[in-house]
Amino acid sequence: MQVLSQFVYPVKSLRGIALPEMALDEFGPAGDRRWMIVDAEGQFVTQRSHPRLALIHTAIARGEVVIDVPGLGAHTLEPGHASRPVRVWQDWVKACDAAGSASEALSGFIGESLTLVHMPDATFREVKGGRVTERRRVGFADGFPFLIVNQASLDDLNSRLDNPVDIRRFRPNLVIEGSQAWQEDQWRQLRIGDVVFDLVKPCSRCVMTTVDPDLGTKATDAQPLRTLGRFRRTPDGVMFGINALHRPDGVMVRRGDPVEILQQES
């Protein structure tokens, strides 16, 4: 088993970036979802309601996040100085509005008044979960710093679909190859390179998996979520991938790093 690919998402719900190596920090993947989009009430906005967000590219240049808005150019994201409360799921946290023209360009592309906000280091959003026993932080990700998926499970799902989908539909941080399909259900702890990951809970999937990342539109047939629901439905939702926490002393994961199972259920 080894790392096939890895992704970071500088802005929640915009396009991710495939990386040959991923630096880690206290939040998780360095720079992952430290930016988010909110509406006029400070509520978070994602591809669930605005699928065209998938068409906005992100990049990291000289340590700064840049978004490329179709027809409206590239804009560097820079946090402003004033903070205000914003909401991601059930959490209200303090964030800073972006300075400059990025929010205006984003609003023009979507056709709605939206604002990009940044989570500063001083904001502590706590990870919540039944098996999380220590106080850990996370950025604007849905709930956990990492999503780890198994390429063989995607291959199995695609064998059931008329039109196969790629892994971007599931927005993972780490993609593992070399295992059997759905074996990740038994994983509890992994070592990837020099980093130890605790696998906390399966990840329930939503309508975002039906958004074509190249077209920015939802599938009219609700695929692949409909097919996934036929054989991966649990009382907690339709599952694909595992939410994870890294041990704080881990600092880097690279494509091709070996993956070792340290703990698993039989």
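A donor-acceptor pair under 3.5 Å links the side-chain atoms of R125 to the main chain of G139, judged by distance alone. Distance alone, capped at 3.5 Å, is enough to place a donor-acceptor pair between the R232 side chain and the M239 backbone. In this structure, the side chain of N173 engages the main chain of F7 through a donor-acceptor pair within 3.5 Å. Of the possible donor and acceptor atoms, none in the side chain of T209 sits under 3.5 Å from a partner among the backbone N and O of R169. Remark: the backbone N or O of P20 is paired with a side-chain donor or acceptor of Q6 at under 3.5 angstrom. A donor-acceptor distance shorter than 3.5 angstrom exists from the side chain of S107 to the backbone of S103, with no hydrogens or angles considered. Between the side chain of S83 and the backbone N or O of K94 there is no donor-acceptor pair closer than 3.5 Å. Y9 contributes a side-chain N or O that, together with a main-chain N or O of P172, makes up a donor-acceptor pair within less than 3.5 Å.
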For residues 251-259, please give each side-chain donor-acceptor pair under 3.5 Å, one per line with the distance, not counting sequence neighbours.
from : atom 1 : to   : atom 2 : distance (Å)
R254 : NE     : E21  : OE1    : 3.4
D257 : OD2    : R254 : N      : 2.8

Output a table of donor-acceptor pairs, distance under 3.5 Å, between side-chain atoms of residues 58-81 and any protein atom two or more places apart or on a different chain; print 'none' if there are none.
from : atom 1 : to   : atom 2 : distance (Å)
T58  : OG1    : R15  : O      : 2.7
H75  : ND1    : S101 : OG     : 2.8
H75  : NE2    : L72  : O      : 2.8

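Ionic pairing of K12 and D32 is not present here: no N-O contact between side-chain nitrogen and carboxylate oxygen is shorter than 4.0 angstrom. In this structure, D221 does not pair ionically with R226, as no charged nitrogen and carboxylate oxygen lie closer than 4.0 Å. Taking 4.0 Å as the cut-off between side-chain N and carboxylate O, R48 and D142 count as a salt-bridged pair. The pair D155-R160 does not meet the salt-bridge criterion, since no charged nitrogen lies less than 4.0 angstrom from a carboxylate oxygen. We find that D212 and K218 are not joined by a salt bridge, their nearest charged nitrogen and carboxylate oxygen being 4.0 Å or further apart. Contact check on R136 versus E126 returns no salt bridge, with no Lys/Arg side-chain nitrogen under 4.0 Å from an Asp/Glu carboxylate oxygen. A salt bridge does not link K201 to D236: none of the charged side-chain nitrogens sits closer than 4.0 Å to a carboxylate oxygen.
A pairwise comparison of heavy atoms in G216 and A54 identifies CA-CB, 4.3 Å as the closest pair. Closest approach of P224 and L161 over heavy atoms only: CB-CD1, 3.8 Å. Closest heavy-atom contact between F170 and D166: CD1-O, 4.4 Å. The shortest non-hydrogen separation linking I17 to P10 is CD1-CG, 3.7 Å.
Rounding to the nearest 0.5 Å places CE of M208 at 4.0 Å from CD of Q47. Rounded to the nearest 0.5 Å, atoms CD (Q186) and OG (S179) are 9.5 Å apart. The CD atom of Q183 sits 8.0 Å away from atom CG of N150, with the distance rounded to the nearest 0.5 Å. Distance CG/D162 to CD/Q223: 7.5 Å, rounded to 0.5 Å. In this structure, CE on M1 lies 12.5 Å from CD on Q151, to the nearest 0.5 angstrom.
F44 pairs in a ring-ring contact (aromatic ring centres under 6.0 Å, His included) with only one of the listed residues (W35, F140, W89), which is W89. In summary, of the residues considered (I192, L4, I242), a side chain to side chain contact (heavy atoms under 4.5 Å, CB included) with I176 occurs for I192 alone.
Inter-residue side-chain proximity for H50 and E112 is flagged as met; some heavy-atom pair is nearer than 4.5 Å. With a 4.5 Å cut-off on side-chain heavy atoms, R188 and E265 count as touching. Annotation: side chain of V149 is in contact with side chain of L147 (closest heavy-atom distance under 4.5 Å).
Between the side chains of E184 and S153, at least one donor N or O lies within less than 3.5 Å of an accepting N or O.
Under a cutoff of 6.0 Å and an axis angle of 45°, R137 and F27 form a cation-pi pair. Within the cation-pi definition used here (under 6.0 Å to the ring centroid, within 45° of the axis), R52 qualifies as a partner of F109.
Contacts of Q43 classified as side-chain contact (heavy atoms from CB on, under 4.5 Å), with partners at least two apart in sequence or in another chain: D39, E41, R87, W92.
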